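Everything numeric in this text was worked out from a predicted model, so none of it was measured.
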Amino acid sequence: MEYLGPEAWQAVALSLKVAFWATVLSLPLGIVTAYALARGRFAGRQILNGLVLVPLIMPPVVTGYLLLLTFGRQGPVGGLLYDWFGVTLAFRWTGAALAAAIMAFPLMVRAIRLAIEAVDPKLEDAAATLGASRLRVFCTVTLPLIAPGIIAGAVMAFAKAVGEFGATITFVSNIPGQTQTIPSAIYAFLQVPGGENAALTLVVISITLALGAVALSEWLARRVAHRISGK
């Protein structure tokens, strides 16, 4: 395999960092959103479902451009973040994490929602009739049962975040050592003569990370399922 220079390994490390924070920070919202869609009966439920799925429907470049308009320093949200807290997301790795989280969010919510819908509502109702609050029912009954789905959703989001390209490069550009992730590094290598081997090496690394994440999720899901079943 082609020897990779420091910039390429920085891209690998940054991709893992971006994917980790994109997954961790979006997971609580993903669980709440999935529960609302699976169990909620409220006006606007279909609108919420549509908003969750929008990143899958729109071209990633469009999502990245909208992020730039919204969270750029001149944008309505980005301007407030900069003026009040001195925070800049555009052309920063934190912006890459935001873009990756948004693009991966639908996959996370879908996996967790399916897990919630597979739980028999009678189990939750039985706990509620014993005087448990809705929050306690969720924490003691629903959450343990959907743990494998949460793990699956988190891993899917992580893998998607590692491979995110279109929205990320549009929102934070492709700055080596700062915002260059594995996909943007592959793109950069393919633009220069003789960079094909280095690009192929990064492709292999990317595939290895994805397969490793899937294998880890399967192992964790089995461990959690066995613990729940008491076997």
Side-chain angles (χ1 to χ4, degrees), residues 15-58 60 63 97-164 167 207-231:
S15 290
L16 294 175
K17 181 180 180 181
V18 165
F20 173 80
W21 286 112
T23 303
V24 169
L25 296 179
S26 63
L27 186 57
L29 180 59
I31 295 173
V32 172
T33 303
Y35 187 83
L37 293 175
R39 291 285 191 261
R41 297 294 181 268
F42 55 91
R45 179 170 172 269
Q46 293 304 319
I47 295 177
L48 175 61
N49 186 49
L51 290 175
V52 170
L53 296 176
V54 160
L56 288 180
I57 300 170
M58 291 194 307
T63 302
L98 174 62
I102 290 176
M103 295 302 297
F105 194 69
L107 299 178
M108 175 189 291
V109 170
R110 179 63 175 169
I112 299 175
R113 179 181 177 180
L114 290 175
I116 295 173
E117 290 175 344
V119 175
D120 188 350
K122 294 180 181 178
L123 296 175
E124 298 169 319
D125 294 340
T129 58
L130 295 176
S133 65
R134 180 173 298 183
L135 178 60
R136 186 173 183 183
V137 170
F138 177 80
C139 293
T140 59
V141 178
T142 310
L143 190 59
L145 293 176
I146 66 172
I150 293 175
I151 294 172
V155 171
M156 291 178 65
F158 180 87
K160 173 64 176 175
V162 169
E164 168 52 34
I207 294 173
T208 302
L209 289 174
L211 292 178
V214 172
L216 178 62
S217 72
E218 291 292 331
W219 180 78
L220 289 174
R222 286 196 299 268
R223 288 290 300 271
V224 171
H226 289 167
R227 181 170 297 181
I228 292 174
S229 62
K231 297 181 180 179

**Message:** To check you understand the geometry: which heavy-atom pair defines the closest contact between Cys139 and Leu143, and what is its length?
**Reply:** O-CB, 3.8 Å

**Request:** Supply the atom-to-atom distance Asn49 CG to Arg110 CZ, rounded to the nearest 0.5 angstrom.
**Result:** 8.5 Å

**Complete:** Closest non-hydrogen contact found for Ser26 with Ala101 is CB-CB, 4.3 Å

**Request:** Give the minimum heavy-atom separation between Ala36 and Arg45, together with the two atoms involved.
**Result:** O-NE, 4.1 Å

**Prompt:** Do the non-hydrogen side-chain atoms of Phe158 and Leu16 ever get within less than 4.5 Å of each other?
**Reply:** yes

**Straight-line distance of Ile150 CD1 to Ile31 CD1, nearest 0.5 Å** = 4.0 Å

**Message:** Run the side-chain contact (heavy atoms from CB on, under 4.5 Å) test on Leu37 and Val109 for me, step by step, so that the C-alpha distance in whole Å, both residues' side-chain angles and the decisive distance to 0.1 Å come before the verdict.
**Reply:** CA-CA 9 Å; Leu37 293 175; Val109 170; 4.0 Å; yes

**Close side-chain approach of Ile151 to Leu216, heavy-atom, < 4.5 Å** = no

**Prompt:** For the residue pair Ala34 and Arg113, what are the closest heavy atoms and their distance?
**Reply:** CB-N, 3.6 Å

**Message:** Using side-chain contact (heavy atoms from CB on, under 4.5 Å), reason through Thr23 and Met108 one step at a time and then give a plain yes or no.
**Reply:** CA-CA 9 Å; Thr23 303; Met108 175 189 291; 4.3 Å; yes

**Message:** Counting only heavy atoms from other residues, nucleotides and ligands, does the tally under 6.0 Å from CD1 of Ile47 exceed 12?
**Reply:** no

**Item:** Closest contact, heavy atoms only, Arg39 versus Ile116
**Value:** NH2-O, 3.1 Å

**Beyond-backbone contact of Leu27 with Ile112, side-chain heavy atoms, under 4.5 angstrom** = yes

**Glu124 vs Thr129 side-chain heavy atoms within contact, under 4.5 Å** = no

**Prompt:** Do side-chain atoms of Glu164 reach the backbone of Ala167 as a donor and acceptor pair under 3.5 angstrom?
**Reply:** yes

**Item:** Value rounded to 0.5 Å, distance of CG in Leu107 from NZ in Lys160
**Value:** 6.5 Å

**Item:** Considering all heavy atoms, the nearest Val119-Ile146 contact
**Value:** CG2-CG2, 3.6 Å

